[in-house]
Amino acid sequence: MKPLIVGNWKCNPNSLVEAKKLFNSIVKGVKTNSMVAICPPFVYLSELKTKKIKLGAQDCFWEEKGAYTGEISPLMLKKLGCLYVIIGHSERRKYLKETDEMIDKKIKLVLRSGLKPILCIANLGQLKNSLKGVKNLILAYEPVFAIGTGKACSVEKARKMRISIEKKLGKNIPVLYGGSVNSYNAGNYIKEAGFQGLLVGGASLSANEFLNILKNIDKI
Ligand code: PGA
């Protein structure tokens, strides 16, 4: 399987002009064997179009429609051309108080809507046995200490975690690594730690750095 490299822009950039500029620079430079997806803020999704890379969202709600002020459903995201939805990111667990129960409901609806959830976990306790073998599910191991800190997880620790996740979920679910990934360390998580892809935060906000990550992975 080709590696899956996902850029998570989080709450950036703060104008459509900048978002288009960043997106277009990435699209223009993309020439890779990896599958690539960008997850911009919701408001830019309808404006960013290309056949070269996939789009994803950073969250969604657990109901299809109804009286839920401020929420966005997976079906709406699908209609905007999204393929992926990040679910349970540690920043949402922390700042929005998302619980395992909420995350569970979101995953179910994302799957029912024909999209692929990228479930973020920071430890094995957040991994339900019921997810074993679930088709279209993607896992992302993101240790909290490594997110946005510049202190990426050691390759050995990440490798052990990947093996534990595979023991619990089976080998058919792709597992990504996320947390301070950059163009220097990216290849190690694929080559040495055996991950099937990466979830890239800060480094996906620079087209150059993101494209260098892809280039380095192609060299493996
Ligand atoms: P980071 O974020 O690459 O900036 O550490 C990763 C993530 O939160 O998905």
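When a ligand or atom number is given, it counts from 1 through the structure's own listing order.
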Taking NZ, NE, NH1 and NH2 as the nitrogens, is one of them in [X] or [Y] under 4.0 Å from a carboxylate oxygen of the other?
| X | Y | result |
| --- | --- | --- |
| Glu91 | Lys94 | no |
| Arg159 | Glu192 | no |
| Asp218 | Lys31 | no |

Look only at interatomic distance and state if [X] has a nitrogen or oxygen under 3.5 Å from any nitrogen or oxygen of ligand 1.
| X | result |
| --- | --- |
| Gly201 | yes |
| Glu91 | no |
| Gly202 | yes |
| Ser180 | yes |
| Gly179 | no |

Close side-chain approach of Trp62 to Lys108, heavy-atom, < 4.5 Å: no

Could you tell me whether the side chains of Glu64 and Ser73 share a donor-acceptor contact shorter than 3.5 Å? no

Can a non-hydrogen atom of Gly148 be found less than 4.0 Å from any atom of ligand 1? yes

So for Gly150, does at least one of its heavy atoms come nearer than 4.0 angstrom to any atom of ligand 1? no

Just which atoms of ligand 1 are under 4.0 Å from any heavy atom in [X]?
| X | value |
| --- | --- |
| Leu199 | 9 (O) |
| Asn8 | 9 (O) |
| Ala146 | 5 (O) |
| His89 | 7 (C), 8 (O), 9 (O) |
| Glu142 | 6 (C), 7 (C), 8 (O), 9 (O) |

One residue to check: Ser90. Relative to ligand 1, which of side chain, backbone, both or neither has a non-hydrogen atom less than 4.0 Å away? neither

Quick one: does ligand 1 sit under 4.0 Å from the side chain of Ile147, the backbone, both or neither, non-hydrogen atoms only? both

Closest protein heavy atom (residue, atom, distance) for atom 2 (O) of ligand 1: Lys10 NZ, 3.2 Å

Strictly distance-based, threshold 3.5 Å: is any side-chain N or O of [X] a donor or acceptor partner for the main-chain N or O of [Y]?
| X | Y | answer |
| --- | --- | --- |
| Tyr177 | Gly179 | yes |
| Arg162 | Gly194 | yes |
| Gln58 | Lys10 | yes |

Just jot down the salt bridge (charged side-chain N to carboxylate O under 4.0 Å, His left out) partners of Lys21, sequence neighbours excluded, or say none. none

Report, one line per pair, each donor and acceptor closer than 3.5 Å where one atom sits in a side chain of residues 140-152; sequence neighbours left out.
| residue | atom | partner | partner atom | Å |
| --- | --- | --- | --- | --- |
| Glu142 | OE1 | His89 | NE2 | 3.2 |
| Thr149 | OG1 | Phe145 | O | 2.7 |
| Thr149 | OG1 | Ala146 | O | 3.4 |
| Thr149 | OG1 | Lys151 | N | 3.1 |

